[in-house]
Amino acid sequence: MKRRSFIKTGAAGLVAPTALISNDKKPIKNRVGKPTVISTWNHGLLANDAAMAVLRKNGSALDAVEAGVRVPEADPKSQSVGYGGRPDEDGHVTLDACIMDSAGNAGAVAFLRDIKHPISVARKVMERTDHVMLVGEGAKKFALAHSFKEENLLTDKSREEWLRWKEDHSIKDTWGPNEDHDTISTLAIDNKGDLAGACTTSGIAYKIHGRVGDSPLIGAGMYVDNDIGAVGATGKGEEVIKTCGSFLVVELMRQGYSAMDACREAVQRIIQKHAKKVKFQIAYIALRKDGKIGYAGINDGFQYALYKDNQNKLYDVKGIG
Ligand code: SD4
């Protein structure tokens with residue numbers, strides 16, 4: 001019997017918390033990959049460069065992922081993240097982010113306004129409080145108290161597009177909430193073999209004011225277990241939340257799934273819940289402790305950037321939906 005069918009057909013309770021992959025001799029946690037960075041989407045290439053620069057100086061995976069995602073957060077051309085992000089339906093840029101380190105510590109902010117680097121605020125929440133998540137006004141107040149600068153994040157381009165959407169939003173509009181949003185999730189392994197992950201976004205464009213997606217939710221938009229692997233999500237957050245997506249992928253890897261199969265299984269579970277062809281996009285990236293990567297998306301169009309063995313490259317992913 002194949003290990004997979006063994007797990008699926010009634011081994012519940014027999015699977016050890018850090019199970020082995022069938023032919024490997026050592027548990028995953030003892031098979032440590034070399035420095036690697038993987039990120040979602042095209043802007044992941046520049047994020048990977050910044051993250052790998054940290055790892056090359058022997059920096060931690062945590063410092064690497066933070067440095068990585070700060071690049072698109074500051075880039076007005078990345079209209080799904082940080083400064084220049086597309087606003088909600090009322091014209092406010094509201095940001096969601098979370099970060100996790102190798103010790104299982106986590107920090108997050110949601111519905112944060114006027115602060116360019118939500119990921120760094122999330123890290124401060126993790127390191128300077130015994131809370132995990134701050135939202136809205138409270139998150140902003142905390143950020144200002146920690147010397148983050150208040151600034152207008154709505155660029156002319158994003159404001160003009162939002163105005164066009166408002167003029168014309170109808171069933172014919174082309175700027176609907178489900179289009180053009182590329183959250184960045186960045187995952188890294190450092191020289192010590194430790195893992196970390198970061199996820200940051202302005203969320204779905206023209207969302208209802210107050211809406212929070214999966215990206216700041218630990219276990220939904222991103223999850224790290226230093227014995228197993230790190231996982232990040234992108235796409236329609238509601239579906240990721242409802243399936244605890246990133247946590248699910250980590251748990252599947254713990255049970256022995258390859259990084260690739262774990263991502264595919266988590267995507268399949270969403271597809272199966274929808275009778276018709278799924279129009280929205282959900283995609284996962286995974287970085288297992290041993291350096292193996294996984295990725296899967298519902299529809300064509302998802303891309304991930306991988307920096308490994310001195311090469312930083314962008315890859316297209318064919319949808320499985
Ligand atoms: C959200 N997951 O707010 C985010 C959006 C996203 O690529 O990932 N876009 O639901």
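We're numbering straight along the sequence, starting at 1. Whatever order the structure lists ligands and atoms in, that order sets their numbers, starting from 1.
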At a 4.0 Å threshold, what atoms of ligand 1 neighbour a non-hydrogen atom of [X]?
X: Asp214; value: 1 (C), 2 (N), 4 (C), 10 (O)
X: Gly203; value: 3 (O)
X: Ser215; value: 2 (N), 4 (C)

| request: Any chance you could pull the hydrophobic cluster mates of Phe142, using side-chain heavy atoms under 4.5 angstrom and chaining through other members? | output: Val109, Leu112, Ile115, Val121, Val125, Leu134, Leu144, Phe148
| task | Kindly give the cluster partners of Leu45, where membership spreads through any ILVMFWY side chain lying under 4.5 Å from a current member. | result | Leu314
| remark: The closest protein heavy-atom partner of atom 9 (N) of ligand 1 is His181 ND1, 2.6 Å
| task | Please state whether Ser80 comes within less than 4.0 angstrom of ligand 1, counting heavy atoms only. | result | no
| said: Would you say that more than 12 heavy atoms from the other residues, nucleotides or ligands in this model lie under 6.0 Å from the CZ of Arg56, or not? | reply: yes
| task | Supply the atom-to-atom distance Arg264 CZ to Tyr295 OH, rounded to the nearest 0.5 angstrom. | result | 9.0 Å
| field | Ring center gap for Tyr83 and His117 short of 6.0 angstrom | value | no
| Side chain, backbone, both or neither: Asp182 near ligand 1, heavy atoms under 4.0 Å | backbone
| query | Among Arg211, Gln281, Glu239, Lys207, whose heavy atom sits nearest atom 1 (C) of ligand 1? | reply | Arg211
